[in-house]
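Heads up, the thing below is written out as structure tokens.
Values in this document were obtained by computation on a predicted structure and should not be read as measured data. Numbers restart at 1 for each chain; the letters A, B, ... are given by sequence-line order, proteins then strands.
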Protein chains: 2
Amino acid sequence: MPPTIYDIADHADVSTATVSRVLNDESKVAPDTRDRVMKAAQSLGYQPHASAQNLARNRTDTIAVVVPLLANYFYMGVLRGIQNALAPKSYDLLVHAPSHPDAVEEQVRRAAQRGRSDGVLLLSAPLHEDIANSLDESSQPVVLVDTRHPDYESIYVDNHRGGYKATCHLLEAGYQRIGHITSGTPEPDPAAERRRGYEEALDEVGHPRASSLVARGSQEPFAFAKDGGYTAMKRLLQRDPPPDAVFAASDMQAIGALQAASELGVRVPEEVALLGFDDIDVSAHVGLSTLRQPLRDYGELAVEKLTARIQEPDRPVSSTVFDPELVVRDTCGTQTGET
Amino acid sequence: MPPTIYDIADHADVSTATVSRVLNDESKVAPDTRDRVMKAAQSLGYQPHASAQNLARNRTDTIAVVVPLLANYFYMGVLRGIQNALAPKSYDLLVHAPSHPDAVEEQVRRAAQRGRSDGVLLLSAPLHEDIANSLDESSQPVVLVDTRHPDYESIYVDNHRGGYKATCHLLEAGYQRIGHITSGTPEPDPAAERRRGYEEALDEVGHPRASSLVARGSQEPFAFAKDGGYTAMKRLLQRDPPPDAVFAASDMQAIGALQAASELGVRVPEEVALLGFDDIDVSAHVGLSTLRQPLRDYGELAVEKLTARIQEPDRPVSSTVFDPELVVRDTCGTQTGET
DNA sequence: TCCCTAACTGTAAGCGGTTACATTATGAGG
DNA sequence: CCTCATAATGTAACCGCTTACAGTTAGGGA
């Protein structure tokens, strides 16, 4: 049996209250008592029992995050931000990643269970009523990232503006037939908003919005995945006439598109320009032009908001919207300087 | 105040013991009692308190993992495997990522604290005596991934063989001046082993082992990072004569090397062939040839071993060594079929 | 009719800490 | 010398749940 504070109390000939005081606060304990306790703890190799502390303190110093997908560049970026912000605050991170998309709800419930963590971060969580309700009941502090909901702190990017910016950039570069690769069906909100931004930009300059210029990815393994971009691009390039530029709803899809083009012997950006969305880590490696989302900042900001709310549960709900920033690299054919 | 089992007990007019029995086991409870309890729980919106359960059960249904670096392709792969294996077992995952390399020890200690998790997975942890000791004391089940230690279950790859295989492949392809990019100093064990494999292969065929053919990366931001590969490759390519092939100790370094070559206008693989190590996710995207480590399998196997040990703490310690598999893509100039 | 067993259910002691409150000792001020 | 604030420590309740053990009840068998 590992030693408890009772053992320490015995050895140091004090009460458990005193032991606890020595181990935790600075509060009034006589120096030599403190010494005796510390020595006893040391010699017994004492380690506090986390569960017991959590229960007694009604606090876990842990925050939970629900990630739809581990091993995804997008979430990896956010997670890194979270981790960075968490470490100095000495919170631990409980990661809930559903093994299957349908399991999201269960994971949210689990993450929000009382006594498990002090607050919950939800990444890209589609907030069905069900989920919203069980969140409400658990009355845990919650911060949403890459989604929004009027009742919760939210952090997200202006997707519409991103789509618009992307398309404008391509238009300004003189491209005439600008295609778009969107997500699989059902189209998640962010994808729909990006598409609308794209459409609006075209409308504004009076470009035709041929449906033959829009292709849809698949839902597997997830809505913004590479495979979808790959097949969508193949379809687009085989149309007659093919687009001379393509705006993809995500970088992963753009990377799939890149591969499709390469297989068809279509050069990028000479024969077809390509623009992604997200600026995930690998985009820099492959020279993909894109609209940047500050993923790390999402994570850091989310932690700030969450910890603030943990300390002050009634603070007003605030949302933060980021403006996606155009990052010009090799694939959009408008590069002026260096990589 | 959220409802507790006492509230349920009151409402259903039974004792807390019965409530607990209804909520947990199948053990003997009269059907209508069960009903009353369930109804009460339902109507009160009862949720068990995780910390309290953990304390009473002396079990957390959580496993902890210490990752040197979040947001790294290598660990992302392993994490995904871990997650996959964990979900069906309904364990939760506590992720400890040190914000700074020096904080590893602290994170290990934290992860191993009693009452926090039921077992610990250590990824690439350098096992100083200190750490080994505090692990010992905590007497938690432990599994090591990408490291080995006789006292613990370990999962790792045969790095020496990988280095050897890589170099042999390049030799067989007819390259004459085979360079090597190793990690920053101090060289982690895996890097040293890969380098020795490289050296042994050269020795065997009587090739000279010019130190001018070996370059070292930097330690920042971590030993196998892209930046190190980038600078090392620049140095190698500026030597006279430059190598005609390079074996990099990691894929990230190889990707940095790729970038260096591109900036110097040196074509890969025509002017210099390149081989990486790990087969991280992005390698496929950039067509990097490499030696594959089955990262997902590491994670899954690690979980299997750990959970087995949790259930049966005295089972014999077993190690699993994987054989790295050569994956030929574009960068080593020996491609025969398609990508 | 009486005893015994099986089926339920309740009592209360933990699990390992934290902490409000009570108690004791100490020394300063009058 | 007495009073009282103050510092140091102890007592014991409590956090919310689990579970060993004891108690109750009802039905079956002799």
- Message: Taking B/T60's backbone N and O only, do any of them form a donor-acceptor pair with B/T62's side chain (distance below 3.5 Å, no angle check)?
- Response: yes
- Tell me: NZ of B/K28 to C1' of D/dT19, nearest whole Å? 17 Å
- Are the side chain of A/R148 and the backbone of A/S154 linked by a donor-acceptor contact shorter than 3.5 Å? no
- Query: Rounded to whole angstrom units, what separation is found between the CG atom of B/D7 and the P atom of D/dC15?
  - Reply: 11 Å
- Query: B/D13 has an atom CG; how far is it from atom P of C/dC8, in whole Å?
  - Reply: 18 Å
- Would you please indicate yes or no on a ring centroid separation below 6.0 angstrom for B/Y298 and B/Y156? no
- Message: Output one letter per nucleotide in nucleotides 16-22 of chain C: B when a protein non-hydrogen atom lies under 4.0 Å from the base, S when only the sugar-phosphate is that close, - when neither is.
- Response: BBBB---
- Query: Expressed in angstrom and rounded to an integer, what is the separation of A/D32 atom CG from D/dT9 atom C1'?
  - Reply: 12 Å
- Query: Does a salt bridge link A/K305 with A/E300, judged by any charged N lying under 4.0 Å from a carboxylate O?
  - Reply: no
- Query: With B/Q107, which residues qualify under side chain to side chain contact (heavy atoms under 4.5 Å, CB included), at least two apart?
  - Reply: B/V66, B/H96, B/P98, B/R110
- Spell out, as yes or no, whether a donor-acceptor pair under 3.5 Å connects the side chain of A/R309 to the backbone of A/E304. no
